[in-house]
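All remarks here apply to the structure that follows.
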Amino acid sequence: LVRPGSTDEVAAVVRACGAAGVPVVPQGGNTGLVGGSVPASGGAGFSGAFPVVVSMTRMTAMEPVDVLAGQVTVQAGVRLVDLQRHARDAGWEYGVDLAARDSATVGGTIATNAGGIHVVLRGMTRAQVMGIEAVLPDGSVISHLAGLPKDNTGFDLAGLLCGSEGTLGVITAARLRLWPVLPATTVALVGVASLDAAIAVMQDHRGGRAPLVAAEVFDDQCLELAVSVSGTGWPLRHRYPWLVLLEVADGGDGSGLVLDGLDDVVIGLDRTDRERLWAYRERLSEGFATSGVVHRFDVSIPHQAMEGCVAQIRTVLGSVGSVTRVGVFGHIADTNLHVLVVGPDADDMSVDRMVLEVVAQYGGSISAEHGIGRAKADALQLSRSAAEIAAMRAIKDAWDPQGLMNPGVIFA
Ligand SMILES: Cc1cc2nc3c(=O)[nH]c(=O)nc-3n(C[C@H](O)[C@H](O)[C@H](O)COP(=O)(O)OP(=O)(O)OC[C@H]3O[C@@H](n4cnc5c(N)ncnc54)[C@H](O)[C@@H]3O)c2cc1C
């Protein structure tokens with residue numbers, strides 16, 4: 001494991017690895033959920049040589065916020081939480097937020113094109129990247145950090161590196177878009193009877209009285225486990241199949257909520273209550289982690305197909321004797337659901353295949369925001385055509401003819 005302190009040092013490491021025929025695995029905060037930041041345990045993907053892990057955690061410099069442009073340039077090892085604080089101190093906000101914020105890095109979130117809880121308002125990470133600096137597999141450095149909003153000078157290399165999962169080079173710095181700070185927010189937790197009802201509640205708030213900052217959904221199983229790990233009481237009067245967590249930027253007085261016809265709602269107006277309601281959403285993964293080996297899925301399903309697809313996933317999983325618990329949660333406005341399955345052995349991938357095949361049948365994507373990594377490389381063809389995979393392969397082969405940059409990731 002190498003921890004370079006500068007772009008020149010990253011380039012030197014990559015060149016040395018190229019000369020020695022040694023694979024390189026870029027690593028940020030190591031919070032990725034598809035195994036892209038850790039070398040495979042066996043020989044798969046590696047041509048006999050042990051890889052060098054290039055950890056970016058020493059590259060944490062941040063330039064002052066450029067208030068004229070509403071942008072900032074930072075190194076790739078900066079943690080998301082530090083970037084958010086840096087922007088806020090200057091009166092701006094960074095558009096991406098996710099529960100791994102205390103460890104995930106700017107480079108890792110760009111490499112995975114991370115989504116998170118504010119996509120409904122700000123878009124994915126790719127929409128925040130105005131420029132990039134990276135070391136390519138041959139050790140050359142590309143640096144395009146001016147951040148000009150209009151710059152049609154050929155291919156969008158920053159856009160290509162977003163979501164490349166360390167297979168095309170090591171991202172060393174980025175120029176990032178910032179956003180004006182929003183008014184104070186109100187959070188509401190609503191119980192609903194179906195996913196279609198959850199979508200309708202979200203839709204009532206999108207383009208509504210106040211900007212919709214976040215719209216999360218989770219099922220009764222998720223709430224049950226979140227309650228058990230947090231030691232808090234049941235938040236609503238009754239139990240419901242689905243819960244919707246909404247956050248609207250209405251000045252914090254609740255005026256942005258559209259609650260007509262909803263009979264069980266709890267509202268958080270001040271910071272303590274907002275954080276208390278968010279904890280049900282943010283601690284559910286921890287709840288599942290305490291209940292056994294968890295198979296995790298990060299899928300996109302068109303809104304109109306979501307109810308039927310989730311029902312079919314549950315039916316299919318119901319026929320697997322080893323499954324003891326299934327939970328579903330996600331970012332409802334972004335058509336992104338996470339399915340958590342407890343029971344089957346960690347190495348038993350049959351259940352993974354079943355879920356991903358159902359998603360593909362309903363016109364969904366096998367990866368909404370976590371990426372393909374090593375975990376889903378075998379299933380890429382469920383979401384991408386042979387022609388698309390060949391086009392991606394051609395780019396990979398042109399940039400990395402030795403195949404040394406994160407082998408085994410994206411391409412099986
Ligand atoms: C609790 C929790 C919640 C999460 N919530 C979300 C969520 O809401 N939305 C979401 O999209 N994701 C979520 N994630 C997963 C998410 O992908 C990661 O949190 C984050 O994007 C990865 O950043 P990282 O620095 O940890 O990267 P790592 O895990 O270190 O690496 C991830 C991938 O990026 C590559 N990489 C890392 N750094 C670089 C670099 N500098 N240059 C080139 N390649 C690099 C690695 O090789 C690997 O393929 C969550 C994870 C956890 C643990």
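Whatever order the structure lists ligands and atoms in, that order sets their numbers, starting from 1.
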Nearest neighbour in protein (non-hydrogen) for atom 27 (O) of ligand 1: Gly108 CA, 3.4 Å
Atom indices of ligand 1, in the order listed, that fall short of 4.0 Å to a heavy atom of Val170: 42 (N), 43 (C)
Residue and atom name of the nearest protein heavy atom (relative to atom 2 (C) of ligand 1), distance in Å to one decimal: Ala100 CB, 3.7 Å
For Gly169, the ligand 1 atoms whose distance to one of its heavy atoms is below 4.0 Å: 43 (C)
Sub-4.0 Å heavy-atom contact, Gly373 with ligand 1: no
Nearest-neighbour protein heavy atom for atom 50 (C) of ligand 1, which is reported as residue plus atom name and distance: Leu33 CD1, 3.8 Å
For atom 42 (N) of ligand 1, the protein heavy atom that lies nearest, with its residue and separation: Ile171 N, 2.9 Å
Minimum side-chain heavy-atom gap Ile267-Leu259 below 4.5 Å: yes
Of the listed options Met405, Gln75, Glu165, His338, closest to atom 49 (O) of ligand 1 (non-hydrogen atoms): Glu165
Sole residue of Glu63, Met59, Met62 in side chain to side chain contact (heavy atoms under 4.5 Å, CB included) with Val74: Met62
Parallel, tilted or perpendicular: rings of His370 and His338 (30°, 60°): parallel
Any side-chain heavy-atom pair of Leu382 and Glu357 under 4.5 Å: yes
Proximity to ligand 1 by part of Asn406, non-hydrogen separation under 4.0 Å: side chain
Subset of ligand 1 atoms that lie under 4.0 Å from at least one heavy atom of Met56: 41 (N)
Nearest candidate to atom 39 (C) of ligand 1, where distance is taken over non-hydrogen atoms, out of Gly107, Ser164, Gly116: Gly107
Side-chain donor/acceptor of Gln75 to backbone N/O of Ala61, under 3.5 Å: yes
Atom 5 (N) of ligand 1 [closest protein heavy-atom partner, distance rounded to 0.1 Å]: Leu98 CB, 3.9 Å
Contacting atoms of ligand 1, where contact means under 4.0 angstrom from a heavy atom of Gly166: 43 (C), 44 (N)
Gln71 and Arg177 side chains, donor-acceptor separation under 3.5 Å: no
Gly32, any N or O under 3.5 Å of ligand 1 N or O: yes
Ligand 1 contact on Thr31 by region, counting heavy-atom pairs under 4.0 Å: both
Heavy-atom neighbours of Arg239 CZ exceed 12 at 6.0 Å: yes
Derivation of the side-chain contact (heavy atoms from CB on, under 4.5 Å) call for Leu178 and Val67: CA-CA 9 Å; Leu178 301 177; Val67 292; over 6 Å; no
Proximity winner for atom 11 (O) of ligand 1, if only heavy atoms of Gly77, Gly115, Gly36 are counted: Gly115
Residue-ligand contact Ser285/ligand 1, heavy atom below 4.0 Å: no
Glu165/Arg374 salt bridge by N-O under 4.0 Å criterion: no
Polar side-chain atom of Arg274 near backbone of Val187 as donor-acceptor pair, under 3.5 Å: no
Contact check, His331 vs ligand 1, heavy-atom distance below 4.0 Å: yes
Minimum-distance protein heavy atom relative to atom 7 (C) of ligand 1: Glu369 OE2, 3.4 Å
Ligand-side contact atoms (ligand 1) for residue partner Ala114, heavy atom cut-off under 4.0 Å: 11 (O), 21 (O)
Pair Gln221-Arg325, side-chain donor/acceptor within less than 3.5 Å: yes
Val409 near ligand 1 by a heavy-atom separation under 4.0 Å: no
Minimum-distance protein heavy atom relative to atom 12 (N) of ligand 1: His370 CD2, 3.4 Å
Minimum-distance protein heavy atom relative to atom 35 (C) of ligand 1: Ala111 CB, 3.6 Å
Within-cut-off N or O pair, Thr105 and ligand 1, under 3.5 Å: yes
Pro4 versus Val54, closest heavy-atom pair with distance: CG-CG1, 3.7 Å
Atoms in ligand 1 flagged as close to Thr112, the criterion being non-hydrogen separation under 4.0 Å: 17 (O), 21 (O), 32 (C), 33 (C), 34 (O)
Six-ring centre of Phe218, Arg281 cation under 6.0 angstrom, axis tolerance 45°: no
For Tyr240, the option from Asp219, Asp220, Asp264 that meets side chain to side chain donor-acceptor pair (under 3.5 Å): Asp264
Val78 vs Thr105 side-chain heavy atoms within contact, under 4.5 Å: no
